[in-house]
Amino acid sequence: MTRKSINKADNVAITTNSLMPRTQMPLRTLMISMTVMCYLASLAIGALLLITRAVDDWTSEISGEVTVQVRPTNDAKMNDKLAQAASILKATRGVTSVDILDKNAGNKLLEPWLGNAEILNQLPVPRLIAVAIDQKNPPDFEILAKKLSETIKGASLDTHRRWQTELTRMGSNLVWLGIGILALITVSAIALVIFASRSALDVNREVVEVLHFVGASDKYIARQVQWQFLRAGLQSGLIGTIAGLATFFLLGISSSVTSSNGLAAASYSLLIGTPDVTFSSYLLFLLVPILTTLICLIAARLAILRILGNAI
Amino acid sequence: MSGPGSIVSLQNVGLRYGKGREVLRDVNLELQRGSMQFLTGPSGAGKTSLLRLLFLAKRPTRGLISMFGRDIATLPHKSLPPLRQKIGVVFQDFRLLDHLTVFENVALPLRVSGKKPNEYRENVIELLGWVGLSEYADAYPPVLSGGEKQRAAIARAVVTQPELLLADEPTGNVDPALALRLMRLFRELNKFGTTIVIATHDTTLIKKATSPVLVLNDGQLGFEG
């Protein structure tokens, strides 16, 4: 960067060139690598958000409903048992609705595993009662399960806890995996900046020596270099993050947002959904250029001070 | 230890690079404040190494060096810059920064010390005029001749009116007339209190001056005059 002003009286232009020649800095390579890392970090953050929200939605759906299973037995008619179970459920505090699934609906759930519904009609398939519960004020499932099993032979309560636990565990593992990837990207970025700082000093060794001889302190020299790294970090962070956001945006608009509940719809809602969702998404994405800039600034400064500190 | 008027004191100083032989051996030297001396000796005698010790580019392998009242051997790294700001150096190979203009190169010590261009502009332009480089203020070093680079390097070394000026072959690339003019500049600085050490092979220059001569021979320092 060169600033220039001309005093007409003396006709001498006063230039203020950067003391560290920008053209000799290994910034282009650093910027390319950092941009790729920021892009990957943005993808990782987006994936983390998608996973977290999906797991939240699934567990919320599951925990809002329990199922009562009534197995056929010889001692009573199935319809009587179902009616009895329904009346117990309706009388239970915390149950908001009770829906006895007809036999065909139950068979349809088994179809993918056991084949067509005709055969299922001949088998002693249990009947299901879908029970919606008030999540804020849920019933005591232990007491309810005991009451059902004691009152109705062959009745059992499935709270879906096992699935919920599995889902939560899977979601948690994926989140930790994402955080691990982000940590690795951060460590690589720091290593890259340190390497680039060393290269910057190597390339400009003569400049550094002269600056030392004219009385520049290590901090002064570090300042000459760190601002160039800061600018490179900010540019890389912005480009990488915008590219990451563009990827999710393209993914979101790549299929119909109204008809699909898959990755595309989730990506769409991540960026163009309700304000409370998009605000937190953008806030997290914004962290990428901010952290990249800070990493470039701090890692470069510390690396340079350490290297210069080892001189005489 | 150094006396009250002493700006630099070396006692039994030795210097070796890595595991090589000692390039300086048992050097004892006392530079009085405001003095001016020449340093001479055959090539490879250790002149540049001695200057490197004096402009704080190296620490001695043994012996004591005291500069401006500070013991260099025990001085922490962060205390070196203020001392270096008191020293002006003219390098044999000029060490001008090619990406800065002549004006910026000359003004570099002032810029590093935190002064703003408006504060030093007039002084630098005047100094450039003195060394005959007014027309080259906006030029970059690669377009200058050896002599012009030499003059720019000298201007950079003296622009802060340092307490100690170390010059390695400062007149090696200029014609005799300009060499005399530069010597006059050094003497003027010396009159204002700057201690000066000029390393040179130029016996004519040494003979014309009346200053004492330090002679380095195979790493050992002797005195003439």
Side-chain angles (χ1 to χ4, degrees), chain A residues 1-28 199-228 301-312, chain B residues 52-53 55-59 72 75-89 91 93-105 107-114 116-118 120-122 124-126 128-129 134-140 153 156-157 159-160 162 166:
Chain A
M1 192 172 69
T2 303
R3 279 180 287 158
K4 204 170 194 178
S5 64
I6 296 176
N7 183 316
K8 285 179 182 169
D10 298 303
N11 209 22
V12 173
I14 305 300
T15 52
T16 315
N17 284 300
S18 170
L19 289 183
M20 289 287 175
R22 190 172 160 75
T23 48
Q24 282 181 30
M25 289 279 178
L27 292 177
R28 188 173 293 178
S199 302
L201 288 187
D202 275 347
V203 172
N204 294 291
R205 181 173 292 166
E206 203 166 314
V207 178
V208 172
E209 273 181 18
V210 170
L211 287 175
H212 264 152
F213 292 145
V214 297
S217 65
D218 292 352
K219 284 181 183 171
Y220 183 90
I221 295 171
R223 265 203 304 277
Q224 308 307 313
V225 184
Q226 75 192 34
W227 297 121
Q228 301 199 22
R301 181 178 173 81
L302 293 179
I304 290 163
L305 286 177
R306 193 180 163 88
I307 297 165
L308 294 178
N310 289 332
I312 176 184
Chain B
R52 283 173 71 82
L53 286 177
F55 63 70
L56 303 172
K58 292 289 293 178
R59 290 192 203 245
I72 299 305
L75 200 66
H77 176 80
K78 66 178 178 185
S79 301
L80 291 172
L83 288 192
R84 284 182 178 138
Q85 285 177 8
K86 295 178 180 179
I87 305 169
V89 189
F91 296 96
D93 54 355
F94 322 126
R95 302 274 186 108
L96 296 173
L97 301 183
D98 287 348
H99 66 288
L100 301 183
T101 63
V102 168
F103 177 90
E104 287 177 301
N105 266 290
L108 189 61
L110 299 166
R111 185 172 167 184
V112 161
S113 69
K116 301 275 174 257
N118 286 342
Y120 55 71
R121 188 177 180 284
E122 297 302 325
V124 174
I125 289 172
E126 191 183 327
L128 284 173
S134 291
E135 290 175 15
Y136 296 97
D138 296 335
Y140 288 87
R156 183 181 65 189
V159 72
T160 55
L166 306 167

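Just so we're on the same page: letters track the sequence lines, and every chain starts at 1.
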Begin with the C-alpha distance, continue with both residues' side-chain angles, and end with the deciding distance and a verdict on side chain to side chain contact (heavy atoms under 4.5 Å, CB included) for A/L211 and B/L108.
CA-CA 8 Å; A/L211 287 175; B/L108 189 61; 4.0 Å; yes

Region of A/Y220 that comes under 4.5 Å of a non-hydrogen atom in chain B:
side chain

Between B/Q85, B/E135, B/R156, which has the largest tally of heavy atom pairs under 4.5 Å with chain A?
B/Q85

Please report the interatomic distance CG(A/L305) to NZ(B/K78), rounded to the nearest 0.5 Å.
12.0 Å

Please verify the inter-ring angle class for B/F55 with A/F213; under 30° counts as parallel, over 60° as perpendicular, anything in between as tilted.
perpendicular

Between atom CG of A/L19 and atom CZ of B/R111, what is the distance when rounded to the nearest 0.5 Å?
4.0 Å

Would you say OH of B/Y136 has more than 12 non-hydrogen atoms from neighbouring residues, nucleotides or ligands within 6.0 angstrom?
no

Identify whether the distance between the nearest side-chain nitrogen and carboxylate oxygen of A/E206 and B/R95 falls below 4.0 Å.
no

Contact origin within B/L97 toward chain A - heavy atom pairs under 4.5 Å
side chain

What heavy-atom pair brings B/P81 and A/G215 nearest, and what distance separates the two atoms?
CB-O, 3.4 Å

The test is side chain to side chain contact (heavy atoms under 4.5 Å, CB included); show your working for A/H212 and B/L56 and say whether it passes.
CA-CA 10 Å; A/H212 264 152; B/L56 303 172; over 6 Å; no

Region of A/E209 in contact with chain B, defined by heavy-atom distances below 4.5 Å:
side chain

